[in-house]
Amino acid sequence: MPSEQSTWLLSIPQDGDAEGSVHELSSKLSGSKSVSLSSSVAPIDIPTFKTGTLDSLISLSEDIPKQEAFFTACVAKTVDTLRSLLNNDPTKLGQHILVNEATVDEYLLGHWRWNEGRYGVQRSLREMVDTLNKEMTSIDNMMKLKLTNYNLVKGSLVQMQRKKIGNLSVRTLADIVSKDDFVLDSEYLETLLVAVPKTQVKTWKSGYERLATMVVPRSSHLLATDDDYSLFNIVIFKRVHDEFVQKCRENKYIVRDFVYSEEQIVKQREEMETADTTEKELWTELLRLSRTNFSESFQILVHLKVLRLFVESVLRYGLPANYTGIVVKPDAKNAKKTLAVLQNQFAYLGRISRSKQSDSKGGNEDFVAGEYQTLLEQEFLDFVLFEVPWIII
């Protein structure tokens, strides 16, 4: 049973009336009174590629699913990047998850055609698969590099911002204090900054002068306060620095490791501004790249799936290699019923497929087609079907 949250790509042998087949199926699935399955149906173009040898087709049948898994993962990672950049906003996501400026459904259901300008059908199937893989690998590597660069800059910015939003015991103090709060360029005196728990402010005010032997009287002033702490400055003699710090620890006061430097403050502000500007620039670049690469990678994925449709159709139905492609987007609630209609519609293909296999065995039921026999008999449905997972916004 194919997934209920995917669009199905089907292939059937062309009987001369491909348009009629699609129209007939559409009438049964698109909401008729008798069935009312609300499924969308449209034709897709399956070119007549060069079939190559049986060995090459079998090799591709084994290799393409691996590439398909990689391609699908690349598309999913690009979508995840967009989600992260846009804070998982469905409206904004819908504006960026587009294929050639159209929605995914419009791209698949809008009479999809093979891009011969980029993937000329005169080339071999293996060459086209290799080209698609090369393009997807390039996209994946580019996304990894850009995402890594962005995450590094954003991580640095977040760290800087955290230092600004913590309480007074941990946050940066450069934007709180001023030059007037310090005794500078003194041979004997120094100014310390102390974060005092709000429950102990009265104790601090009444006792800070006795925390060490050489504290300058009435030198402590309130500089800032938050929900947890109050920040005070205090002037002491340098020679009692260690003694004063130890006494503060004993009283649960936090001496901040801060030395006033205008140059350092300016540098910190410039680093913050630079990080903020760089993050915004990289965000914009990554968003643009993710939008472009989603469109590109989704198209590459669909082209690979159409190649797989062709390969499996040749292995199942044989030559001539003319096949009608159909895309069906089932209503999730009615996916099982939709599949049942498809199986009933194309039941005759089971007989064709078995006839092709019988011919390949030369009429001998005991014939074993070597290492390929198991693959040739793996028929779960009477028609070839592969899935394109929905992009859930």
Side-chain angles (χ1 to χ4, degrees), residues 1-15 17-18 20-30 35 37-46 49 51 54 57-58 60-69 71-72 108-109 112 301-361 369 372-390:
M1 172 69 193
S3 171
E4 297 174 353
Q5 292 194 321
S6 65
T7 298
W8 304 342
L9 305 184
L10 285 66
S11 173
I12 59 174
Q14 197 170 104
D15 60 4
D17 188 18
S21 297
V22 175
H23 180 75
E24 181 182 356
L25 183 61
S26 179
S27 67
K28 293 183 177 181
L29 296 178
S30 300
V35 181
L37 297 179
S38 301
S39 299
S40 299
V41 181
I44 56 171
D45 172 44
I46 302 180
F49 300 108
T51 56
L54 177 60
L57 289 172
I58 293 293
L60 285 168
S61 179
E62 293 174 339
D63 292 345
I64 289 179
K66 302 171 188 175
Q67 305 300 328
E68 193 175 298
F71 287 16
T72 302
L108 287 173
L109 295 164
W112 187 93
L301 172 63
V302 174
H303 277 75
L304 184 73
K305 286 184 179 288
V306 171
L307 274 177
R308 190 179 180 192
L309 271 181
F310 178 84
V311 169
E312 298 300 333
S313 295
V314 175
L315 290 174
R316 180 174 298 194
Y317 305 122
L319 301 175
N322 297 317
Y323 308 107
T324 296
I326 303 173
V327 56
V328 177
K329 183 182 180 183
D331 178 75
K333 297 178 181 178
N334 295 313
K336 290 183 179 180
K337 293 180 180 179
T338 299
L339 184 63
V341 172
L342 292 172
Q343 289 176 312
N344 182 65
Q345 179 76 7
F346 300 121
Y348 70 94
L349 293 176
R351 296 188 295 274
I352 294 177
S353 182
R354 286 188 290 272
S355 174
K356 293 289 184 181
Q357 288 189 34
S358 178
D359 290 344
S360 72
K361 297 174 185 178
Y372 305 138
Q373 183 63 28
T374 301
L375 286 170
L376 290 170
E377 291 182 349
Q378 284 183 351
E379 296 181 11
F380 303 100
L381 298 170
D382 289 330
F383 47 89
V384 179
L385 182 151
F386 295 112
E387 306 168 46
V388 179
W390 289 349

Engineer: List the atom of S6, the atom of P330, and the distance in Å for their closest heavy-atom pair.
Structural biologist: O-CD, 3.4 Å
Engineer: Indicate the ring-plane relationship of Y317 and Y323, choosing parallel, tilted or perpendicular according to the 30° and 60° boundaries.
Structural biologist: tilted
Engineer: Using side chain to side chain contact (heavy atoms under 4.5 Å, CB included), reason through Q345 and F383 one step at a time and then give a plain yes or no.
Structural biologist: CA-CA 10 Å; Q345 179 76 7; F383 47 89; over 6 Å; no
Engineer: Would you indicate whether the side-chain heavy atoms of F49 and V314 approach each other to under 4.5 Å?
Structural biologist: no
Engineer: For a 4.5 angstrom cut-off between non-hydrogen side-chain atoms, does I44 reach L309?
Structural biologist: yes
Engineer: What's the separation between atom CD1 in I12 and atom CG in N322, rounded to the nearest 0.5 Å?
Structural biologist: 12.5 Å
Engineer: Any idea which heavy atoms bring L109 and V327 closest together, and the distance?
Structural biologist: CD2-CG1, 3.7 Å
Engineer: If we only count heavy atoms from C-beta on, is the E312 to S61 side-chain gap below 4.5 Å?
Structural biologist: yes
Engineer: So how far is it from E68 CD to E387 CD, rounded to the nearest 0.5 Å?
Structural biologist: 9.0 Å
Engineer: Kindly indicate whether the side chain of L339, heavy atoms from C-beta on, has any atom under 4.5 Å from the side chain of W8.
Structural biologist: yes
Engineer: Step by step, would you call T338 with D331 a side chain to side chain contact (heavy atoms under 4.5 Å, CB included)?
Structural biologist: CA-CA 8 Å; T338 299; D331 178 75; 5.9 Å; no
Engineer: Rounded to the nearest 0.5 Å, what separation is found between the CG atom of L315 and the CZ atom of F310?
Structural biologist: 10.0 Å
Engineer: Mind checking the CD1-CG spacing from I64 to L57? Nearest 0.5 Å is all I need.
Structural biologist: 9.0 Å
Engineer: Heavy-atom distance under 4.5 Å between the side chains of V388 and K305, does that happen here?
Structural biologist: yes
Engineer: Can you check side chain to side chain contact (heavy atoms under 4.5 Å, CB included) on L304 and Q67, steps first, answer last?
Structural biologist: CA-CA 8 Å; L304 184 73; Q67 305 300 328; 3.9 Å; yes
Engineer: Over all heavy atoms of both residues, which pair between P65 and L60 is shortest? Give the atoms and the distance, please.
Structural biologist: CD-O, 4.2 Å
Engineer: Do Q343 and L381 have side chains that approach each other closer than 4.5 Å (heavy atoms only, starting at C-beta)?
Structural biologist: yes
